[in-house]
Structures are given as structure tokens and as C-alpha cells.
Amino acid sequence: MTDNMMQFCGTQLPAIGQGTWYMGENAANRRQEVAALNAGIAQGLTLIDTAEMYADGGAEEVVGEAIRGKRDDVFLVSKVYPWNAGGKKLAAACEGSLRRLGTDTIDLYLLHWRGGFELAETVEGMQTLIAQGKIRHWGVSNLDLADMHELMKIDGGAGCAANQVLYHLASRGIEYDLLPWCQSHKIPVMAYCPLAQAGRLRRGLLADPTVQDIASAHRATAAQILLAWVIHHQGVMAIPKAATVAHVEENAAALNMALTAEDVSRLDNALPAPGRKVALDVV
Ligand SMILES: NC(=O)c1ccc[n+]([C@@H]2O[C@H](COP(=O)([O-])OP(=O)(O)OC[C@H]3O[C@@H](n4cnc5c(N)ncnc54)[C@H](OP(=O)(O)O)[C@@H]3O)[C@@H](O)[C@H]2O)c1
């Protein structure tokens, strides 16, 4: 059992879960993707993050296959497109996700990003889904602080159970205001792209000399240092996507790592957070 557990939707979960973007795109990779997700579940990465958007529902089908017979062992997160996030469209989108996932309830259902419907209509629809037992909790994604303030003013808006945003060592804008606000409101942050998409979003990140140096001191990989760094922040979970068992095992092992205060301060100096408000980073 790892020390890196966190309070999440009224339960304790490991602070690393599994992403699924780009899974389900190619039938030839399906067996490997299912095996990777299963390896992750076996290693304790029991939260699985998906969306109706990924491979047009194909990623949800891969997840559905992976969790067959072990639904109760996992915490399922899916997301609704903004243009489906209200009224009958929300109900239909949720039904579609439930069918593809092969379950009768989603643990956490997120508004993927803002747009299309008023937040109030989305909140109302989410509350209806909870009342019907189709989802257990609802939350948001890609909402910056001003949006969160607006959400809190809406009836029921304070029921938001998580905000999923881009966060990695080379993209630290949320530390200025959104992250402290979420921490003080006890709204967990789900860090997407915690590996900066294996460095594709920030070329050279995995080869950064400070990251490499700390990795060798811990006999770890650069990816593990990036994950350990994300989850050392209070109330933050990382959801790396890995479609290979080797990557999944490496990511799961990062749950048992602990960066020292000196590691953290070296990383802060090498890749500092901006000292001012910057627009929320998105992909
Ligand atoms: N809410 C949103 O708007 C939003 C946006 C983007 C992402 N997300 C969610 O967040 C998840 C993570 O983000 P992401 O997939 O964009 O990026 P990511 O997790 O930062 O990076 C994924 C890439 O890293 C590779 N990788 C995984 N583990 C590795 C390791 N130990 N060493 C080296 N490379 C490794 C993967 O390769 P392999 O697959 O070959 O193993 C893949 O190419 C998504 O899958 C999705 O569930 C949400």
C-alpha cells in the first residue's frame, strides 16, 4: 500500500490514476491497451479517466473491456462534451458512456470544457443524473479560477467534486491562484498531461539535466520524477496515460517515491512557476 493516497469523492484513492486519450483509435492496439489498463489496476492505479470524446467513444469501450468482472475495483471517470452538457443531450450522452463502459454508474462525470450550455444548466443536469443513480459525483475540467468563482455562485455549484486541468513540471500556471483556491475549497485537482505527453508538449523536459540528476539519485526514470513532483502537491492526482505494461508499471512505482525538500527546491529553480497570472494551459 502506498503512502500517496488522497481524499477523493469521499474515498481514499492512490494519487496516480490512468488516462486513456488515444486509446481505442486502432483495433490492432486494443489487446495491448486492455492489458495495460489491467496491469495498472493490479498495481493500484484504480482510477481510470476517459471521455466520450476519446476515439469517439472507442476509449470508453476499451475501458469497458478492461474492467469487465472488476467494476467494483475501479473508480471510473468520464467526461461529457460541452455541447452535450445540458438537458436531454446530457442524459443521452451519459447513457452512451454507460453503455460503452458496460456499467450502470459512473463514479465521476466531468464537464470536459466550458461552452454550449450555461453552467447552471449543466449543474442541474448533473444533479438529476446523481438522483437517478447514473453518476455518483460530478465535476469540471479546464475551468480557470474565474469560472470556478462563477460556478460557486450557482445553486448546487459547490457540489463540484474535482477540476481536471493541465499540469506538469513545465506548465505551472495553476500554482498562482487556481491550485491554492482548489486546495482551500477541498476540490481535488486532476493533473492531465502530467508527463507533458512524454515531452511532446515541452521538448527536452524528460532530458532536463535537473530532472535527470534527481532521477538517477532515486534510481528512477525522468517520467517517475515528473509524476512524483505532480503528486507531492496537496490535493493533486496525476492521470498519466500509458498504453504499454512497462510504462504502467513504471508509473505505478512512482506512487512509492518521495521527493526530498531539496529535490523540490532544485526543480523549482530549474523550472519555476510563473509569478503572475497566466491563461490556463490546455491541449
Ligand atoms: N480534460 C482534458 O481536457 C484532458 C486533456 C488531455 C488529457 N486528459 C486526460 O489526461 C490523460 C493524460 O494526458 P495525456 O495522455 O495527454 O499525456 P501524458 O499522460 O502526459 O503522456 C502520455 C504519453 O506518455 C507516454 N508515457 C506514459 N508513461 C510513460 C513512462 N513511464 N515513460 C515514458 N513515457 C511514458 C505514453 O506512451 P504509451 O502510451 O506508449 O505508454 C504517452 O505517449 C489523458 O490520457 C486523458 O485521460 C484530459
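Everything numeric in this text was worked out from a predicted model, so none of it was measured. All ligand and atom numbering here is 1-based and tracks the order in the structure.
In this pair, His185 and Trp181 present their aromatic rings parallel. The plane angle is below 30°, not in the 30 to 60° band. By the 30° and 60° cut-offs, the orientation of the rings of His112 relative to Tyr81 is parallel.
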Using atom types as modelled, flag every donor-acceptor pair under 3.5 Å from a side chain in residues 125-140 to any protein atom, sequence neighbours excluded.
| residue | atom | partner | partner atom | Å |
| --- | --- | --- | --- | --- |
| Thr128 | OG1 | Glu124 | O | 3.0 |
| Lys134 | NZ | Glu95 | OE2 | 2.5 |
| Arg136 | NH1 | Asp107 | OD1 | 2.4 |

For residues 9-18, which side-chain donor-acceptor pairs fall under 3.5 Å, sequence neighbours excluded?
| residue | atom | partner | partner atom | Å |
| --- | --- | --- | --- | --- |
| Gln12 | NE2 | Gln7 | OE1 | 2.6 |
| Gln18 | NE2 | Leu37 | O | 3.1 |
| Gln18 | NE2 | Leu45 | O | 3.0 |

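Note on Asp104 versus Arg71: no salt bridge recorded, every NZ/NE/NH1/NH2 to OD/OE distance being 4.0 Å or above.
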Note down each nitrogen or oxygen pair, ligand 1 side and protein side, whose separation is under 3.5 Å; give only atom names and the distance to 0.1 Å.
| residue | atom | partner | partner atom | Å |
| --- | --- | --- | --- | --- |
| ligand 1 | 1 (N) | Ser141 | OG | 2.8 |
| ligand 1 | 1 (N) | Gln164 | OE1 | 2.9 |
| ligand 1 | 3 (O) | His112 | NE2 | 3.4 |
| ligand 1 | 3 (O) | Asn142 | ND2 | 2.9 |
| ligand 1 | 8 (N) | Tyr54 | OH | 3.4 |
| ligand 1 | 13 (O) | Cys193 | N | 3.1 |
| ligand 1 | 16 (O) | Gln197 | NE2 | 2.8 |
| ligand 1 | 19 (O) | Lys241 | N | 2.9 |
| ligand 1 | 20 (O) | Pro194 | N | 3.4 |
| ligand 1 | 20 (O) | Leu195 | N | 2.9 |
| ligand 1 | 20 (O) | Ala196 | N | 3.4 |
| ligand 1 | 20 (O) | Gln197 | N | 3.0 |
| ligand 1 | 28 (N) | Asn251 | ND2 | 3.1 |
| ligand 1 | 31 (N) | Glu250 | OE2 | 3.2 |
| ligand 1 | 31 (N) | Asn251 | OD1 | 2.8 |
| ligand 1 | 39 (O) | Lys241 | NZ | 2.8 |
| ligand 1 | 39 (O) | Ala243 | N | 3.0 |
| ligand 1 | 41 (O) | Ala243 | N | 3.0 |
| ligand 1 | 41 (O) | Thr244 | OG1 | 3.4 |
| ligand 1 | 41 (O) | His247 | ND1 | 2.6 |
| ligand 1 | 43 (O) | Arg200 | NH2 | 3.0 |
| ligand 1 | 45 (O) | Thr20 | N | 3.1 |
| ligand 1 | 45 (O) | Trp21 | N | 2.9 |
| ligand 1 | 47 (O) | Thr20 | N | 3.2 |
| ligand 1 | 47 (O) | Asp49 | OD2 | 2.7 |

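Sorted by first then second residue, the side-chain hydrogen bond (donor to acceptor under 3.5 Å, both in side chains) pairs that include residues 267-276, not counting sequence neighbours, are Arg172-Asp268.
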